[in-house]
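What follows is a short report on a single structure.
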There are 2 protein chains.
Amino acid sequence: MVFAREGFGRSTVEQVCEQAGFTRGAFYSNFTSLDELFLAIWEQRSEEMQSDLAAFLTQEPPPVTSLREAVEHVLSAVPLDDEWYRVTAEFTAHALRNPALRRVMAQREERIEAGLMPTLEALLARVGRRVIDPAALGPALVAVHDGTSVQCLIEPDNAAVLQRRTDLFVLLVTAHTVEADTDVTHTPPEETP
Amino acid sequence: MVFAREGFGRSTVEQVCEQAGFTRGAFYSNFTSLDELFLAIWEQRSEEMQSDLAAFLTQEPPPVTSLREAVEHVLSAVPLDDEWYRVTAEFTAHALRNPALRRVMAQREERIEAGLMPTLEALLARVGRRVIDPAALGPALVAVHDGTSVQCLIEPDNAAVLQRRTDLFVLLVTAHTVEADTDVTHTPPEETP
DNA sequence: TGTATCCGATACAGCTCTGTATCGGAAGGG
DNA sequence: CCCTTCCGATACAGAGCTGTATCGGATACA
């Protein structure tokens, strides 16, 4: 992928077309800009990753008995892809400039959360944990995922970073769940008073 | 700043020079690439922000009595700067491609953590909280900061996102601190067994 | 004051990318 | 079988950027 090699910003229509094996004429008759092309690619890949993950998590049997194992199990299936991170991060930064793109990004995140949370809740239920407020846990997971991904990719040989990442996820999930069959009101998630 | 307007990747030496009011000749006799220039800028700005924050946090009197107030107090002084985020995110993504740049980035983060943690620990001490393991809390704070910043900037009008950000920080700090004068071993931070 | 050094402005030659306009050919509908 | 429509390849003209090489002037130092 040209975007990964050159960076999204430094990629040109020419390069993309050359590497993909079609002409600039073909490009311009299908897309109006690289933004549009990339959004299409992202859309596709995003759905792939999501259904892959969902499939992995619902396969029989998920060999997890503790919350920590559940977290590790999920993380083992979330690819920490250098190239992909690089491109999406850059595009996200780029999208901040454009209100329309911002909205697209916000919707994408929402859709991902909506699609994934049920699966995660089901998995957590299997280790005896009930999510208190999925609408709060979702964004937090995304934030922690994004924030720790950079750290892991910047120090790819540092196992401690990966470890801290897992710890952080465990902490987060623990705080946002209760023992199954427990009344919510007993341990409310830490929220602004 | 050209980098913010055009994106780092789409910025050219020509544009940068024109806007900064010097010629390309001047640029090439001081830097070998835009990478080099941007690193210099970042270095400078990073130190500024750090000392500004430290100054703000040690000013008399910091009117905080609870952990949550302390978190809010700190966050009120951490600028959520659209343009700056955009550029640094893009550059970080770019840096992932280059081992040398990766090392520079890792060191920068380390330096920021080292410079800031003592101040934060002092502030937390004033609300009766002792940090268990600064070396674990630091990276987690950075990750959460980065991860939630995007979310806030993508939905700048959504107060709930900001709220969740604060909640997440509170959760994190709570888990990584104990009541002052308490023995560490009573409530170890959730770490990989 | 003369000389050495350095910095930065200008010029140069060449390359790459852009977006559109034109044109041929394939697919589909009547 | 013809006509229309659409897609994509090619051509075109223009614009912008790159990095270097050259040269003038300022500063420093003796």
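Of the possible donor and acceptor atoms, one in the side chain of A:Arg129 sits under 3.5 Å from a partner among the backbone N and O of A:Thr177. In this structure a side-chain-to-backbone donor-acceptor pair under 3.5 Å is present from A:Arg97 to B:Glu6.
Side-chain heavy atoms closer than 4.5 Å link hydrophobic residues (I, L, V, M, F, W, Y) into clusters, and following such links, possibly through other members, connects A:Val170 to B:Val173. B:Leu172 and B:Val74 fall within a single hydrophobic cluster, where Ile, Leu, Val, Met, Phe, Trp and Tyr side chains are chained together by heavy-atom contacts under 4.5 Å.
Rounded to an integer number of Å, the gap from B:Glu18 CD to D:dG16 C1' is 12 Å. With rounding to whole Å, B:Glu6 atom CD is found 15 Å from C:dC17 atom C1'. The interatomic distance linking A:Asp35 (CG) with C:dG19 (P) rounds to 12 Å, in whole Å. For B:Arg10 and D:dC17, the CZ to P distance is 13 Å, given to the nearest whole Å. Note: CD (A:Glu36) to P (C:dG19) measures 13 Å, nearest angstrom. Distance, B:Tyr28 OH to D:dC17 P: 11 Å, rounded to whole Å.
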Enumerate the protein-to-nucleotides 14-16 of chain C contacts in which both atoms are nitrogen or oxygen and the separation is below 3.5 Å.
none

Could I get a table of every N or O pair under 3.5 Å where one atom is in the protein and the other is in nucleotides 8-10 of chain C?
from	atom 1	to	atom 2	distance (Å)
C:dG8	OP2	B:Ser29	OG	3.1
C:dG8	OP2	B:Asn30	ND2	2.9
C:dA9	OP2	B:Thr23	N	3.3
C:dA9	OP2	B:Thr23	OG1	2.1

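When the C1' atoms of four end pairs are superposed on the next four at each end of the helix from C:dT1-D:dA30 to C:dG30-D:dC1, using five pairs per end, the two resulting axes differ in direction by 20°, to 10°.
Inter-residue side-chain proximity for A:Leu34 and A:Phe3 is flagged as met; some heavy-atom pair is nearer than 4.5 Å.
Sorted by first and then second residue, the ring pair (Phe, Tyr, Trp, His ring centres under 6.0 Å) pairs involving residues 53-83 of chain B (not counting sequence neighbours) are B:Phe56-B:His73.
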Residues B:Asp35, B:Phe91; criterion side-chain contact (heavy atoms from CB on, under 4.5 Å); working and verdict: CA-CA 8 Å; B:Asp35 281 17; B:Phe91 188 82; 4.1 Å; yes
B:Phe31 vs B:Val16, side-chain contact (heavy atoms from CB on, under 4.5 Å): CA-CA, chis, key distance, verdict: CA-CA 12 Å; B:Phe31 305 93; B:Val16 170; over 6 Å; no
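Between the side chains of B:Ser51 and B:Glu47, no donor-acceptor pair is found at a separation under 3.5 Å.
By the side-chain hydrogen bond (donor to acceptor under 3.5 Å, both in side chains) test, A:Asp81 is found to be paired with A:Arg45, residues two or more places apart in sequence or in another chain being considered. Residues satisfying the salt bridge (charged side-chain N to carboxylate O under 4.0 Å, His left out) criterion with B:Arg108, sequence neighbours excluded, are B:Glu43.
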